[in-house]
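Here's the structure we're looking at; comments come further down.
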Number of protein chains: 2
Amino acid sequence: MNSAAAPAPGPEPGAAAEELPGGRARPKTGKSEQTRTLILDTAMRLFQERGYDKTTMRAIAKEAGVSVGNAYYYFESKEFLIQGFYDLMTHAHALDATARMEGVRDFAGRLQISLESWLDCAAEYHEFAAQFFRTAADPDSSLSPFSNESHPARTTAVALFRDVLTGSDLAPKLDTELAELLPDLLWLHLMVVVLYWVFDRTPDTARTREFVRRSTPFAARVISLSRYRAFRPLVRDATGLIQEFILPTIGKSPLPSAEYGAGRRRS
Amino acid sequence: MNSAAAPAPGPEPGAAAEELPGGRARPKTGKSEQTRTLILDTAMRLFQERGYDKTTMRAIAKEAGVSVGNAYYYFESKEFLIQGFYDLMTHAHALDATARMEGVRDFAGRLQISLESWLDCAAEYHEFAAQFFRTAADPDSSLSPFSNESHPARTTAVALFRDVLTGSDLAPKLDTELAELLPDLLWLHLMVVVLYWVFDRTPDTARTREFVRRSTPFAARVISLSRYRAFRPLVRDATGLIQEFILPTIGKSPLPSAEYGAGRRRS
DNA sequence: CAGCTCTTTTGAACACGTTCAAAGAACGAA
DNA sequence: TTCGTTCTTTGAACGTGTTCAAAAGAGCTG
């Protein structure tokens with residue numbers, strides 16, 4: 001949280017290491033990256049097996065066959081071990097959803113598939129994710145889904161929802177302004193579903209699945225109706241609100257403000 | 001989080017002590033309640049002065065002139081010290097907002113006043129609340145705003161928003177179903193504002209205030225328009241979604257489900 | 001090989017939230 | 001008073017996430 005600008009021992013060793021979009025990162029030493037991966041994989045496995053809180057850093061280190069200090073050499077804190085998981089799942093989700101949407105052109109259908117895909121990808125981590133969520137809710141944490149720093153994961157997710165839209169029969173009917181907004185809004189829809197999911201204690205998160213089945217046609221309807229005359233002024237107001245207050249907050253267009261500048265806080 | 005069913009030393013000493021709706025709790029010993037209050041007040045003061053994380057239980061105990069163990073005798077954990085704060089602020093907000101709405105009959109105006117009142121009441125706790133928020137996001141925590149256990153605070157808040165509505169010129173124009181839903185929805189509106197506020201780093205949370213100024217007329221407009229023919233089917237769908245999926249989640253009408261029963265998890 | 005620099009690894013030590021057996025206080029009954 | 005019971009208080013001790021000075025490698029130049 002604090003001490004973000006701590007004097008890193010090595011020159012930013014692993015955590016921020018480029019995982020080039022191409023796929024393979026340059027191996028540099030190879031050994032280093034190997035240790036980092038070993039620690040991360042071990043941590044993920046233990047998180048899944050025992051839950052986040054019950055997995056101690058000592059246990060991770062022991063299981064991975066390294067020292068505690070070494071884990072901290074590669075990961076700034078226990079929280080940072082989650083970031084890897086987050087990125088991983090976002091990628092898996094994007095791939096899975098894209099594959100499952102293949103051939104479906106109905107917008108509501110595509111949206112529903114992509115959300116259900118997320119639920120399936122995340123299913124095995126439900127217990128663990130609930131605890132992770134608490135961490136993500138910290139505004140000071142770089143894990144926050146709204147944090148502007150890092151998180152290419154959000155970009156990946158938004159790109160998926162752009163595909164949900166552009167691959168649908170609804171896309172050509174919308175005006176460009178709304179079409180520009182929608183991917184981010186659909187991502188917000190996912191965030192709401194995630195919130196619902198985190199609190200959902202029904203077996204197999206059945207209730208969240210029901211919620212998805214019901215809310216996607218509704219969303220599709222709202223978007224579809226927004227084209228009609230009667231709704232224009234309302235839509236105009238809504239888009240204004242979103243563009244000015246929501247998107248800047250989630251790291252879109254850093255907002256032309258001069259007045260709300262730089263509010264650097266904390267020492 | 002775990003060990004919720006720990007063998008309490010005393011018979012549920014302070015944390016869950018009846019604060020009878022009447023007002024004054026029965027003093028029993030008097031001394032006990034006094035110690036409890038002392039610890040709570042000290043904690044609140046230190047939280048406000050140094051922030052939640054930087055205030056240690058040892059510091060609270062020392063400052064209050066008791067032992068660490070004693071603090072744990074009255075409060076199950078550090079988190080539980082916050083509950084008192086939460087309840088307190090909710091009450092203060094309800095009183096302040098009600099007073100400030102006096103004489104105003106315009107719905108958007110009343111809504112705006114009540115939200116701005118919250119921002120004012122919470123202002124001095126902004127830093128502290130951000131950290132508190134992380135805790136509240138834990139579904140397993142009783143501090144979660146959605147938790148069904150305890151939290152008369154939510155009831156108080158919803159009652160305030162019911163007053164926002166019924167005291168306005170809009171109230172008589174709405175059908176009863178919608179009027180029944182609205183207090184909870186307006187409370188959700190507050191939750192969104194709180195979310196925005198927690199992440200807001202502008203000086204004096206100016207951006208959140210702007211957000212409130214813009215979003216309240218919009219909300220009023222949406223509600224107002226919902227009466228017209230063209231919007232009926234949409235409104236019907238929306239209310240259905242809300243009644244079935246949102247309200248039950250926030251502790252309203254425990255949901256007639258048999259199928260999603262009881263999902264007791266964790267040991 | 002020696003010497004140097006940079007990266008990687010170690011594990012003891014620190015501060016924290018929390019627990020618990022034991023001690024003390026309060027108070028009524030005998 | 002003296003005992004017995006219950007409520008209250010204590011502080012050492014445990015397990016945790018995290019830090020840090022120091023050691024060990026790794027790769028280089030001479």
Side-chain angles (χ1 to χ4, degrees), chain A residues 1-15 17 27-39 43 46-47 50-62 64-82 131 134-135 138 141 143, chain B residues 1-15 17 26-39 43 46-47 50-62 64-82 131 134-135 138 141:
Chain A
M1 199 256 301
N2 49 5
S3 71
E12 283 300 310
K28 198 156 189 170
T29 326
K31 180 71 188 317
S32 180
E33 190 65 19
Q34 204 172 317
T35 307
R36 184 177 184 275
T37 304
L38 170 66
I39 293 171
L46 294 188
F47 285 161
R50 319 178 183 176
Y52 182 70
D53 284 341
K54 285 196 192 134
T55 304
T56 71
M57 289 300 281
R58 284 169 180 80
I60 295 170
K62 189 172 203 174
V66 301
S67 69
V68 230
N70 202 9
Y72 278 91
Y73 179 73
Y74 288 101
F75 298 93
E76 214 172 283
S77 74
K78 195 182 174 187
E79 292 185 6
F80 273 70
L81 283 165
I82 302 180
Q131 291 166 316
R134 179 187 43 193
T135 296
D138 186 345
S141 166
L143 286 178
Chain B
M1 204 265 295
N2 49 4
S3 73
E12 283 299 310
R26 66 176 191 289
K28 198 155 191 172
T29 326
K31 180 71 189 316
S32 179
E33 191 64 20
Q34 204 172 316
T35 308
R36 183 178 185 275
T37 304
L38 171 65
I39 293 171
L46 293 188
F47 285 161
R50 319 178 183 176
Y52 182 70
D53 284 341
K54 284 194 193 138
T55 303
T56 71
M57 289 300 281
R58 285 170 180 79
I60 295 170
K62 189 172 203 173
V66 301
S67 69
V68 233
N70 203 9
Y72 277 92
Y73 179 74
Y74 288 101
F75 298 93
E76 211 171 287
S77 74
K78 195 181 174 187
E79 292 185 7
F80 274 71
L81 283 165
I82 302 181
Q131 291 166 317
R134 178 188 42 194
T135 296
D138 186 346
S141 166

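Order of the sequence lines fixes the chain letters, A, B, ..., with proteins taken first and strands second; residue numbering starts at 1 for each chain. Since the model is a prediction, treat every value here as computed from it, not as a measurement. The basis for the numbers below is simple: all heavy atoms, side chains too, and nothing from hydrogens, waters or symmetry mates.
Figure legend: cation-pi geometry between B/Lys78 and B/Tyr52, with NZ or CZ positioned under 6.0 Å from the six-membered ring centre and within 45° of its axis.
Contact between the side-chain N/O atoms of A/Tyr74 and the OP1/OP2 oxygens of C/dT9 is found at a separation under 4.0 Å. Phosphate contact (OP1/OP2 of D/dT9, side-chain N/O of B/Tyr73, threshold under 4.0 Å): absent. Listed pair B/Thr35 / D/dT9 meets the phosphate criterion, a side-chain N or O lying under 4.0 Å from OP1 or OP2.
Taking each heavy atom of B/Ala43 and B/Ile60 in turn, the nearest pair found is CB-CD1, 3.9 Å. Taking both residues in full, the closest heavy atoms of A/Ser77 and A/Tyr72 are given as CA-CE2, 4.0 Å, listed atom of the first, atom of the second, then distance.
Here D/dT8 is the nucleotide among D/dT18, D/dT8, D/dT16 with the atom lying nearest to any side-chain atom of B/Ser32. Of the candidate nucleotides D/dG17, D/dT18, C/dG17, C/dG17 has the atom nearest to the side chain of B/Met57. Checking D/dT9, C/dT10, C/dT7 against the side-chain heavy atoms of B/Asn70 singles out D/dT9 as nearest. Here the nucleotide nearest the side chain of A/Thr56, chosen from C/dT9, D/dG17, D/dG11, is D/dG17.
Of the residues near DNA chain D, A/Gly69 and A/Thr55, the one whose nearest nucleotide (by heavy atom distance) lies more toward the 5' end is A/Thr55.
Note: CD (B/Glu33) to P (D/dT8) measures 10 Å, nearest angstrom. Look at NZ on A/Lys62: it is 13 Å from P on D/dG15, rounded to the nearest Å. Between the CZ atom of B/Arg58 and the P atom of C/dT19 there is a distance of 13 Å, rounded to whole Å. If you measure from atom CZ of A/Phe75 to atom P of C/dT9, you get 12 Å, rounded to the nearest angstrom. Taking atom CG of A/Asp53 as the reference point, atom P of C/dC16 lies 20 Å away to the nearest angstrom. Nucleotide D/dT9 holds its P atom 13 Å from the CZ atom of B/Arg36, rounded to whole Å. Distance, B/Gln34 CD to C/dA26 C1': 15 Å, rounded to whole Å. Distance A/Leu38 CG to C/dT9 C1': 13 Å, rounded to the nearest Å.
Taking 4.5 Å as the limit, every side-chain heavy atom of B/Thr56 sits out of range of all side-chain heavy atoms of B/Lys62. The shortest side-chain heavy-atom distance between B/Tyr73 and B/Arg36 does not fall under the 4.5 Å cut-off.
Across all strands shown, B/Val66 has heavy atoms under 4.0 Å from sugar-phosphate atoms exclusively, and none from any base.
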